[in-house]
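In what follows, a single structure is set out as structure tokens and then discussed.
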Amino acid sequence: MAGTMTYEGCQNFRMRLVMSVLTGKAVRITNIRHEDDEPGVKDFEMSFIHLLDKLTNGTHTNVSPTGTKVVFTPGLLLGGSIEHDCHVSRSIGYYLEMLLCLAPFTKEPLQATLRGVTCDKDDPSVDLIKMSVLPVLKQFLGTDENLELKVKKRGAAPDGGGEIFFSCPCRQKLRPMKFLDPGKIKRVRGIAWSVRVSPKIVNRLVDSSRGILNKFLTDTYIYTDHMKGSQSGKSPGFGLTLVAESTTGVFLAAEEVSKPQGSGGEPTIPEDLAKKAVMSLLHEIHRGGCVDSTSQSITTLLMVLGQHDVSKVQTGELTPYSIDFLRHIRDFFKVTFHVEVDKKPRGPPTEDDEEGEELRVGADKLILTCVGVGYTNISRAVR
């Protein structure tokens, strides 16, 4: 074994296990919620461990009787066809995000069927991952052949009932990436979905969001998806996912979802939800960069796992999750990024500006640079 990494607490639980699988290093996590009224790992974390067990061969997990200590010894990535029932306390996106980090390095092309909640307020939805993260993964793979993410059934929180299918080709090596030109936004696409509510809801979402977006851009189209019967899951709900595409192939996405049934408080109004979704999208555009906040972490990981070559990407302000991701990359792969602030001039100073202040438009952009470790998929033979 290449060594054991030791951590405390429940933060970044998925991240640590995924990097353990990629590096072959065992992980010991202690003091997991040891001061809480309900100490130990949660059901959704155990469900994630079971998913990794299905994806690999030889993985061994030892959980203490109280659940406050986990020792995870990774096996080899197998892939192939798997099915998994995700715990409904977290959405499918919680599991799918990490699956995308591992899928390119399996022995056999991955074909995964996941069941549970397709969209909630805590994790990115399946639609957001499809619109935002998959285009990034495609660039590293060099192809979108057999790269597919399909929503078969929609399941809103809290009871779920949704089902998705994800397939991904495996590669022996990833391509290096240099993505520094965000371009200009040329169009906006989106999907308004609803289950077990009036079909008029999706029309209200579309009309409200287009009413705002058309003031900035005329090329706006939002699809509607109102699923009925067995495809509508077990709980009522609706939501809106928007993606802005630039002239250089950048995809910046954002979304909003209604309150879960039984959560209390005032019911969600479709017009208010649409406005929040549009504002979230405009915030992502203001943040800028060549990848959005959801795709930052997987982009940095795949850059590190690339060949012995320089990879560069321009991003907006890093999210706290992405910063933790970079710290874990340093721990597991011994790789650090060179971070350069790309400042944009806003124009001549005025009398109200402080002396010596450098003026910029919007938020500063960051250029992240690293040299790949030359990660090779040892499970896949050279062809």
Side-chain angles (χ1 to χ4, degrees), residues 1-2 14-27 46-61 72-87 92-116 118 124 126 129-130 133-153 162-177 295 297-299 301-307 332-333 372-383:
M1 189 60 60
R14 299 176 303 164
M15 189 188 305
R16 292 163 180 170
L17 298 192
V18 164
M19 293 193 184
S20 170
V21 173
L22 289 172
T23 59
K25 298 178 181 179
V27 173
M46 285 303 303
S47 179
F48 181 70
I49 291 175
H50 295 324
L51 175 60
L52 292 181
D53 191 52
K54 293 178 181 179
L55 192 66
T56 58
N57 181 34
T59 294
H60 179 72
T61 307
F72 181 83
T73 306
L76 294 177
L77 282 166
L78 288 183
S81 178
I82 64 172
E83 295 186 10
H84 185 69
D85 293 326
C86 305
H87 197 271
I92 291 176
Y94 173 86
Y95 307 85
L96 186 59
E97 266 191 305
M98 297 295 103
L99 208 57
L100 264 64
C101 298
L102 300 173
F105 309 105
T106 56
K107 182 178 181 179
E108 300 292 337
L110 179 63
Q111 296 179 334
T113 299
L114 305 180
R115 303 182 184 91
T118 54
V126 177
I129 292 175
K130 182 177 182 178
V133 184
L134 249 59
V136 174
L137 181 58
K138 174 186 172 182
Q139 293 200 44
F140 286 97
L141 294 174
T143 178
D144 60 355
E145 184 180 0
N146 298 324
L147 182 62
E148 179 186 9
L149 180 54
K150 184 178 180 181
V151 181
K152 292 186 174 181
K153 300 177 182 178
E163 180 179 320
I164 66 104
F165 174 77
F166 170 64
S167 67
C168 180
C170 49
R171 290 287 182 269
Q172 191 182 40
K173 294 182 179 180
L174 297 179
R175 300 170 58 192
M177 173 174 161
S295 305
S297 55
I298 188 173
T299 300
L301 177 63
L302 296 180
M303 287 169 66
V304 170
L305 295 175
Q307 302 177 38
F332 281 89
F333 293 97
V373 298
Y375 190 88
T376 301
N377 186 352
I378 60 175
S379 301
R380 183 173 173 82
V382 179
R383 295 181 181 177

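- For Tyr375, the ring-ring contact (aromatic ring centres under 6.0 Å, His included) criterion is met by Phe105, not counting sequence neighbours.
- Judged as a side-chain hydrogen bond (donor to acceptor under 3.5 Å, both in side chains), and not counting sequence neighbours, the contacts of Arg16 are His328.
- Using a 4.5 Å heavy-atom threshold, the side chains of Cys168 and Leu137 count as touching.
- Annotation: side-chain contact (heavy atoms from CB on, under 4.5 Å) contacts of Pro176 (sequence neighbours excluded): Gln307, Asp309, Ser311.
- Listed for the Ser167 side chain is a donor-acceptor partner under 3.5 Å among the backbone atoms of Asn146.
- Residues forming a side-chain hydrogen bond (donor to acceptor under 3.5 Å, both in side chains) with Ser297 (at least two apart in sequence, or on another chain): none.
- Distance check, rounded to the nearest 0.5 Å: CD of Gln172 to OG1 of Thr376 gives 6.0 Å.
- Taking NZ of Lys150 as the reference point, atom CZ of Phe166 lies at 15.5 Å (rounded to 0.5 Å).
- With sequence neighbours left out, the side-chain hydrogen bond (donor to acceptor under 3.5 Å, both in side chains) criterion links Glu148 to no other residue.
- Rounding to the nearest 0.5 Å gives a distance of 8.5 Å between CG of Leu301 and CE of Met98.
- By the 4.5 Å heavy-atom criterion applied to side chains, Pro124 and Glu97 are counted as neighbours.
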Below 3.5 Å, can you tabulate the donor-acceptor pairs from side chains in residues 48-58 to any protein atom, sequence neighbours excluded?
from	atom 1	to	atom 2	distance (Å)
Lys54	NZ	Glu83	O	2.9
Lys54	NZ	His84	ND1	3.2
Thr56	OG1	Leu52	O	2.7
Thr56	OG1	Thr59	OG1	2.5

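- Looking only at side-chain heavy atoms (C-beta outward), Phe332 and Leu22 stay at 4.5 Å or farther from each other.
- Checked by atom type and distance alone, the side chain of Tyr95 pairs as donor or acceptor with a backbone atom of His87 at under 3.5 Å.
- Contact between Lys130 and Leu134 at its shortest, heavy atoms only, is O-CB, 3.6 Å.
- Of the possible polar contacts, one joining the Asn377 side chain to the Thr106 backbone as a donor-acceptor pair under 3.5 Å is found.
- A donor-acceptor pair under 3.5 Å links the side-chain atoms of Ser20 to the main chain of Lys25, judged by distance alone.
- Of all heavy-atom pairs spanning Thr118 and Gly162, the tightest one is CG2-CA, 4.0 Å.
- Distance check, rounded to the nearest 0.5 Å: CD of Glu108 to CG of Leu78 gives 8.5 Å.
- Between Val126 and Leu149, the closest heavy-atom pair is O-CD2, 3.7 Å.
- The CG atom of Leu96 lies 5.0 Å from the CD1 atom of Ile164; values are rounded to the nearest 0.5 Å.
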Does Thr113 form a side-chain contact (heavy atoms from CB on, under 4.5 Å) with Glu163? I'd like the steps, not just the answer. CA-CA 7 Å; Thr113 299; Glu163 180 179 320; 3.7 Å; yes

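- Here the shortest heavy-atom pairing between Asp85 and Ser47 reads O-OG, 3.7 Å.
- With sequence neighbours left out, the ring-ring contact (aromatic ring centres under 6.0 Å, His included) criterion links Tyr94 to Phe44.
- By the side-chain hydrogen bond (donor to acceptor under 3.5 Å, both in side chains) test, Lys152 pairs with no residue at all, sequence neighbours left out.
- When all heavy atoms of Gly116 and Ile92 are compared, the pair lying nearest together is N-CD1, 3.7 Å.
- With rounding to the nearest 0.5 angstrom, the CE atom of Met177 is 5.5 Å from the OG1 atom of Thr299.
- Taking each heavy atom of Gly93 and Ile129 in turn, the nearest pair found is CA-CD1, 3.9 Å.
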